[in-house]
Amino acid sequence: MSMYKVQIFQDSLNAVTEETGLAEDQILSGTKSEEVVDARSILIKVMEEQGLYPIQISGLSGICIRSVNRFLIGFKERCDSRKIMRLYYANVRKKLGMT
């Protein structure tokens, strides 16, 4: 994995942890609480928006490829139904200079 891809992962994870107040290991765990799943969704989405493919996101995050694809497919619906997630997502994008 190239250093550039690793840097995208680390910067994205740092932005999500800073915004949500959740620990890195929580976000990357299998925890199914709504707050953690929202944070994981944001992490996966912003990495994809920065050019990483689902297989690369899976390799970097340890989240299985099927789950990565499910998160990406369901992101808009999940975001539309949760105001706090929309706010976190917008703020993470700003932190990463993606606006």
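Starting from 1, each residue takes its place in the sequence as its number.
- Every residue two or more places apart in sequence or in another chain was checked for a ring pair (Phe, Tyr, Trp, His ring centres under 6.0 Å) with Phe71, and none qualifies.
- Taking both residues in full, the closest heavy atoms of Leu13 and Leu43 are given as N-CD1, 3.6 Å, listed atom of the first, atom of the second, then distance.
- If you take CZ on Arg82 and CG on Asp80, they are separated by 10.5 Å, rounding to the nearest 0.5 Å.
- Judged by distance alone, with hydrogens and angles left aside, the side-chain atoms of Gln26 form a donor-acceptor pair with the main-chain N or O of Ala23 at under 3.5 Å.
- Between the NZ atom in Lys5 and the CD atom in Gln50 there is a gap of 13.5 Å [rounded to 0.5 Å].
- No donor-acceptor pair under 3.5 Å is formed between the side chain of Arg40 and the backbone N or O of Lys32.
- Nearest heavy atom pair, residue Gly51 against residue Gln56, reads O-OE1, 4.2 Å.
- For Gln7 (side chain) and Met3 (main-chain N/O), no donor-acceptor pair under 3.5 Å exists by modelled atom type.
- Taking CE from Met47 and CD1 from Ile8, the interatomic distance works out to 9.5 Å, rounded to the nearest 0.5 Å.
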Determine whether Glu35 and Thr20 satisfy the following criterion, side-chain contact (heavy atoms from CB on, under 4.5 Å), listing intermediate values before the conclusion.
CA-CA 8 Å; Glu35 182 181 30; Thr20 63; 5.7 Å; no
Can you give me every donor-acceptor pair (side chain of residues 58-68, partner residue at least two apart or in another chain, under 3.5 Å) with its distance?
{"unit_1": "Ser58", "atom_1": "OG", "unit_2": "Ile63", "atom_2": "O", "d": "2.6"}
{"unit_1": "Ser58", "atom_1": "OG", "unit_2": "Ile65", "atom_2": "N", "d": "3.4"}
{"unit_1": "Ser61", "atom_1": "OG", "unit_2": "Ile57", "atom_2": "O", "d": "2.7"}
{"unit_1": "Ser61", "atom_1": "OG", "unit_2": "Ile63", "atom_2": "N", "d": "3.2"}
{"unit_1": "Ser67", "atom_1": "OG", "unit_2": "Arg70", "atom_2": "NH2", "d": "3.2"}

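- Applying the side chain to side chain contact (heavy atoms under 4.5 Å, CB included) criterion to Lys45, with sequence neighbours excluded, gives Glu48, Glu49, Leu72, Phe75, Tyr89.
- Inter-residue side-chain proximity for Glu24 and Asn14 is flagged as met; some heavy-atom pair is nearer than 4.5 Å.
- Between the SG atom of Cys79 and the CD1 atom of Ile84 there is a distance of 11.0 Å, given to the nearest 0.5 Å.
- Heavy atoms only, all atoms of each residue included: Ala39 and Val16 are closest at O-CG1, 3.6 Å.
- Nearest heavy atoms, Arg86 versus Ser81: NH1-N, 4.3 Å.
- Counting heavy atoms from C-beta outward, Arg78 and Val37 have side chains that approach closer than 4.5 Å.
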